[in-house]
Amino acid sequence: MASGEFQPLQGMSDIYAPEIYLWRMIEARARDLFARYGYEELRTPSLEKLSVFKRSIGDTTDVVQKEMYAFEDRGGREIALRPEGTAGTIRHLAGRGAEGLNARVFYIAPMFRCERPQAGRKRQFHQVGVEDTGEPNPLADAECIALQQHLLEEWGLTGSNIQISTRGMPSDRQAVADGLRNALQPYLGELCDDCQRRINENVLRVIDCKNEMCQKIVDRIPSAVDFMSDESRQYLETVIQSLENMGIKADVNPKLVRGLDYYVHTVWEITHDALGAQNAIAGGGRYEIALGKKAIPGVGFAMGMERVITSLEACGITAGQFAPKGGIWLVSLGEEAVAENMKLARELRGKGIRCSMELEAKSMKAQMRKADSAGAEKVIIRGEDEIEKQTLTIKDMGQGTQEEIQLSNLWKILD
RNA sequence: GUGAUUGUAGCUCAGUUGGUUAGAGCGCCUGGUUGUGGUCCAGGAAGUCGCGGGUUCGAGUCCCGUCUUUCACCCCA
């Protein structure tokens, strides 16, 4: 392991071969699928004004209060590294006026949260996410979940689980909070210490408390959804119907809580057993974000790429499967052959062929070993004989056979 | 931020109650006679023992601090 000077910051890591091949597969397939769903790529800056996050994610959320890399720049401006992708995306779309109210964008980008690292949690992590704005129809929520499900399929990920619920409309919030508090009142003394505090600060957190006793109590009282308006419940029902219609399985879980302030109506989460305590590979939901006068409605999701990778590995999908293979290795015997092969390599590469060679005139054995470990399909050998006769010896590494051909015939043979 | 945990060659790890020049496997490099890979054989290179203090005649082994790893809490993807 790299140490001292060579070590990246805590919770951050260098991503390199062979693992990088898995990343590239994930990105390539995501881009391809998003194009099929009519999403355009958006790249926003990693740094934003602090207010962008405070206003959208919520001033009092843990993400903003405890986890952000927020600081003053040299001009005394309050800025922060983005902890998630939605805020910046909406900041961008809001600036595009009417156009931003009818957009489908996706991003693949690093995010930053200054937390203690653990399984599936880094300080710099990466998300692939989408936002579909301006569409108030609950069917958009269902389509968004469908897209996400489709993406997991494209990646070859199995064993994941969708859980869906609703956060209701802003006008429901008070009724839900009051309803839950009243329902919990008779059990007050039995709740854990944390929940004693949560019941006043953030009742919803009592719902997903991991304490066994708290869970027993929560199971006895009505769910948050039961306190919502008919309209909110109908909205969720429509989304669920649509998912069923498309053949997508989703478990309704009224205990699901999403902490960011901007969520309204549908919220969901995709979990995978391979992950440990941080078992969500993706989260999503409908939101309303007001940075200016007008609130922008939208629906979107974000998937944690590191967690996707962990899950993929648990499915037996490895980076090695996506390593570049094949191509040609040029073996040169003697200085002159090296020079000739450098010219040839340039031509081959110009024709789109992957090829490599040793620049030092090492022994043939050494060069063949290199060719083999690089997984070359063919080896072209040139020594004094070949150069004099204007020929090449071309060897098929799979078959082990080789033949001598005229240099001028090379292109015919390669086609 | 709280509580645990880890750190020895590129990688995975040994290293006995503190005692000479710190080891193995894999990988890497070079060979096994004229220009041929995967197997085999031989040889070789490679380590600030995370870092900084301290205890000791002597520290990879003990103590303190620090950084990092992993795990959980909190929260999230």
Side-chain angles (χ1 to χ4, degrees), chain A residues 1-13 16 18 57-58 61-68 83-86 109-129 148 192-194 197-198 202 205 208-211 256-260 268-272 275-285 300-311 329 331-334 337 360-387 393-402 404:
Chain A
M1 197 220 317
S3 63
E5 290 296 307
F6 309 114
Q7 210 162 30
L9 289 171
Q10 182 177 34
M12 308 205 174
S13 46
Y16 53 99
I57 299 167
T61 56
D62 280 8
V63 169
V64 167
Q65 286 203 324
K66 308 189 341 203
E67 298 164 9
M68 265 204 305
E84 53 89 89
T86 303
M111 305 295 163
F112 306 86
R113 288 183 200 176
C114 195
E115 305 172 82
R116 276 284 262 277
Q118 74 183 78
R121 172 192 288 167
K122 303 231 119 202
R123 288 185 166 180
Q124 173 173 337
F125 60 104
H126 300 78
Q127 287 188 334
V128 26
Q148 193 170 206
C192 73
D193 292 347
D194 285 331
R197 177 174 52 79
R198 287 182 183 128
N202 193 350
R205 286 285 163 221
D208 68 347
C209 177
K210 282 170 187 160
N211 184 294
L256 184 67
V257 175
R258 309 255 77 207
L260 311 187
W268 70 88
E269 204 169 271
I270 297 185
T271 58
H272 198 280
L275 291 174
Q278 317 303 319
N279 66 349
I281 56 178
F301 66 73
M303 315 183 85
M305 295 174 74
E306 284 82 357
R307 293 185 189 178
V308 167
I309 285 171
T310 305
S311 308
W329 195 277
V331 168
S332 330
L333 300 163
E360 243 173 292
K362 288 190 178 178
S363 74
M364 182 149 192
K365 183 180 212 142
Q367 294 187 61
M368 289 300 291
R369 277 181 179 158
K370 264 266 165 67
D372 185 58
S373 68
E377 210 176 313
K378 289 187 169 70
V379 166
I380 288 176
I381 302 164
R382 290 173 111 185
E384 286 169 21
D385 295 355
E386 284 87 352
I387 288 171
T393 296
I394 180 161
K395 175 165 185 170
D396 183 306
M397 292 296 272
Q399 308 271 316
T401 57
Q402 68 182 47
E404 194 170 343

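These figures come from a predicted structure and were not determined experimentally. Numbered from 1 within each chain, the chains take letters A, B, ... in sequence-line order.
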Given the P atoms of U69(B) and G50(B), what is the spacing between them in whole Å?
15 Å
C62(B) versus U17(B) - spacing of their C1' atoms, nearest Å
12 Å
Report which part of the nucleic acid Gly129(A) touches: base, sugar-phosphate, or nothing (heavy-atom distance under 4.0 Å, all strands).
nothing
On a whole-Å scale, what distance lies between the P atoms belonging to A77(B) and G10(B)?
39 Å
Could you please name the option among C74(B), A77(B), U68(B) that lies closest to any side-chain atom of Asp62(A)?
C74(B)
Remember a base hit wins even if backbone is also touched, and classify Ala119(A) as base, sugar-phosphate or nothing at under 4.0 Å, heavy atoms.
sugar-phosphate
Report the C-alpha separation of Glu306(A) and His126(A) in whole Å, then their side-chain angles, then the decisive distance to 0.1 Å, and conclude whether the side-chain contact (heavy atoms from CB on, under 4.5 Å) test is met.
CA-CA 7 Å; Glu306(A) 284 82 357; His126(A) 300 78; 2.8 Å; yes
Do Glu67(A) and Cys114(A) have side chains that get closer than 4.5 Å, going by heavy atoms?
no
Contacts of Ala366(A) and Lys66(A) projected onto RNA chain B by closest heavy atom; the upstream (5') one is Ala366(A)
Rounded P spacing from G35(B) to G27(B) in Å
26 Å
Treating Glu84(A) as the side-chain partner and Thr86(A) as the backbone partner, does any N or O pair qualify as donor plus acceptor under 3.5 Å?
yes
Pick base, sugar-phosphate or nothing for Thr61(A), based on heavy-atom distances below 4.0 Å to the nucleic acid.
nothing
Under 4.0 Å, counting only non-hydrogen atoms across every strand here, what does Arg205(A) touch: a base, just sugar-phosphate, or nothing?
sugar-phosphate
Is there a side-chain contact (heavy atoms from CB on, under 4.5 Å) between Ile57(A) and Met68(A) once you walk through the steps?
CA-CA 11 Å; Ile57(A) 299 167; Met68(A) 265 204 305; 5.6 Å; no
Could you tell me whether Gly375(A) contacts a base, only the sugar-phosphate backbone, or nothing, with contacts defined as non-hydrogen atoms closer than 4.0 Å?
nothing
Remember a base hit wins even if backbone is also touched, and classify Lys378(A) as base, sugar-phosphate or nothing at under 4.0 Å, heavy atoms.
nothing
Residues, nucleotides or ligands: over 12 heavy atoms within 6.0 Å of Gln65(A) CD
yes
Donor-acceptor under 3.5 Å (Arg307(A) side chain, Ala280(A) main chain)
yes
Taking atom P in both G31(B) and G25(B), compute the distance separating them and give it to the nearest angstrom.
22 Å
Atom-pair distance (CD on Gln118(A); C1' on A72(B)), nearest Å
6 Å
Sugar-phosphate atoms are those with a prime plus P, OP1 and OP2; base atoms are the rest. Using that split, label each nucleotide of nucleotides 33-42 of chain B B, S or - for protein heavy atoms under 4.0 Å, 5' to 3'.
--BBBB----
With a non-hydrogen cut-off below 4.0 angstrom, is Arg258(A) in contact with a base, only sugar-phosphate, or nothing?
sugar-phosphate
5'-to-3' dot-bracket of RNA chain B (Watson-Crick, G-U; under 3.5 angstrom; crossing pairs as [ ]; | other strand)
((((..(..((((.....[...)))).(((((.......))))).....(((((..]....))))))..))))....
If you look at every strand shown and take non-hydrogen atoms under 4.0 Å, does Glu115(A) touch a base, only sugar-phosphate, or nothing?
base
Which value, in whole Å, describes the distance between the P atoms of nucleotides C11(B) and A72(B)?
25 Å
Expressed as a whole number of Å, how far does the C1' atom of G58(B) sit from that of U2(B)?
40 Å
So for Gln278(A) and C75(B), does any side-chain atom that can act as donor or acceptor lie under 3.5 Å from a complementary atom in the base?
yes
